[in-house]
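Each remark here refers to the structure printed beneath this line.
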Number of protein chains: 2
Amino acid sequence: MDRCKHGHFVCADTVLARAKEGGLRRTRALEAVVEALAEAGTPIPLNELEKKPSVAGVCDRTTLFRLLNRLGEHGLVRRLGLHKRAAYFTLAMPGGHHDYLICRECGSVEILEVECPVQELEKEVAKVSGYTDLYHELEIYGLCPNCHG
Amino acid sequence: MDRCKHGHFVCADTVLARAKEGGLRRTRALEAVVEALAEAGTPIPLNELEKKPSVAGVCDRTTLFRLLNRLGEHGLVRRLGLHKRAAYFTLAMPGGHHDYLICRECGSVEILEVECPVQELEKEVAKVSGYTDLYHELEIYGLCPNCHG
DNA sequence: GTATGTGCAAAGTATTTGCCCCAGA
DNA sequence: TCTGGGGCAAATACTTTGCACATAC
């Protein structure tokens, strides 16, 4: 998986540029959220995001929510279930996606760096089902080395 | 995918039997939840479950929660994210699972009756990652025929 | 200047817990 | 009888909304 010059999966600058194209204003809060998400790399819930140095003190939780939603509508952020009580957010890359390996005990989330086998299936489903604009979400759950006794 | 004599994906009786083996008592509420889940077939949130004829009036919402959690611990029920605000529950079959096709507009949930391409990946991840007791969850999101204009 | 973005507080909705009574084995 | 199950109500947690003010463009 390619990474930007900072070693992140998705480059904050790219996202900000695309956000502007989408009509979003470049505010302090927007920059902060995007940067925090880029640094995080893996999906992160709102209450974690709040604590990130780039975000803490910069903007309110409500603003975070609204920004994440807006970014989501523009396809720049993806919202994940991950079986947690809270929603998890991560920067979405154009045309790309990640699959995750999650420990159901401690909740750790790792990015699966493998060839995703679902692309083909997705195309077939697109043909057969009548659904359009498909994307998928794949998570593998298990017990991580630290959690299985 | 095989179905039981009632045409359900998972037979309520089988689940009840396995629940008893697991040490759960056979209560009215337990029977009701399992039956309702079997009838539903597709994943269903708690507030829907409450309204099902087999459940309505039989037991309290709290009891439903506790039962679903207990059944989940015994591997008899699976809890899904599905990007809804509420968790979705469905009967789990031993060694089996379903993938879903979900409309992100109207929220409809269909079971994908296809060969799941993730089994292989799952095995490989088991070998490489050090994680154990793996299972996966795959959802394809899109716009259903009714929702794309 | 104007439309969009933001903070604060308050309202929802989903989920969980405590406590005590009830019922299955 | 004895332990796990259930009901009710209250507590938590997460998310969303309203409204008045601030700010990007």
What's the spacing between R66(A) CZ and L71(A) CG if we round to 0.5 Å?
13.5 Å
Are there more than 12 heavy atoms of other residues, nucleotides or ligands under 6.0 Å from atom NZ of K51(B)?
yes
Would you say that more than 12 heavy atoms from the other residues, nucleotides or ligands in this model lie under 6.0 Å from the CD of E105(A), or not?
no
For atom CD of Q119(A), is the number of surrounding heavy atoms from other residues, nucleotides or ligands below 6.0 Å larger than 12?
yes
State, without any angle test, whether Y135(B) and E137(B) hold a side-chain donor-acceptor pair at a distance under 3.5 Å.
no
Round to the nearest Å and state the distance from K20(A) atom NZ to dA24(D) atom P.
12 Å
To the nearest 0.5 Å, tell me how far R26(A) CZ sits from K20(A) NZ.
6.0 Å
Could you run through nucleotides 14-23 of chain C and give me one letter per nucleotide, 5' to 3': B if any protein heavy atom sits under 4.0 Å from the base, S if only the sugar-phosphate is that close, - if neither?
SBBBB----B
Quick one: L30(A) CG to dA22(D) C1', roughly how many Å, whole number?
17 Å
Between P on dT23(D) and CG on L24(A), what's the gap in Å once rounded to a whole number?
19 Å
If an axis is fit to five pairs at each end of the helix from dG1(C)-dC25(D) to dA25(C)-dT1(D), what is the angle between the two, to the nearest 10°?
40°
Starting from P on dT15(D), measure out to CG on L64(A) and report it in whole angstrom.
12 Å
Rounding to a whole Å, what distance do you find between R28(A):CZ and dA22(D):P?
17 Å
Trace of the salt bridge (Lys or Arg N to Asp or Glu O under 4.0 Å) decision for K123(A) with E120(A):
CA-CA 5 Å; K123(A) 282 178 202 153; E120(A) 285 307 313; 3.6 Å; yes
What is the distance, to the nearest angstrom, from the CG atom on L16(B) to the P atom on dG5(D)?
14 Å
Separation of dG7(D) atom C1' from E50(B) atom CD, nearest Å, is 13 Å
From the list V58(B), V33(B), T63(B), side-chain contact (heavy atoms from CB on, under 4.5 Å) with R28(B) holds only for V58(B)
I need the CG-P distance between D60(A) and dA9(C), as an integer number of Å.
10 Å
May I have the step-by-step check of side chain to side chain contact (heavy atoms under 4.5 Å, CB included) for L143(B) and R104(B), ending in yes or no?
CA-CA 6 Å; L143(B) 294 174; R104(B) 65 167 172 274; 3.9 Å; yes
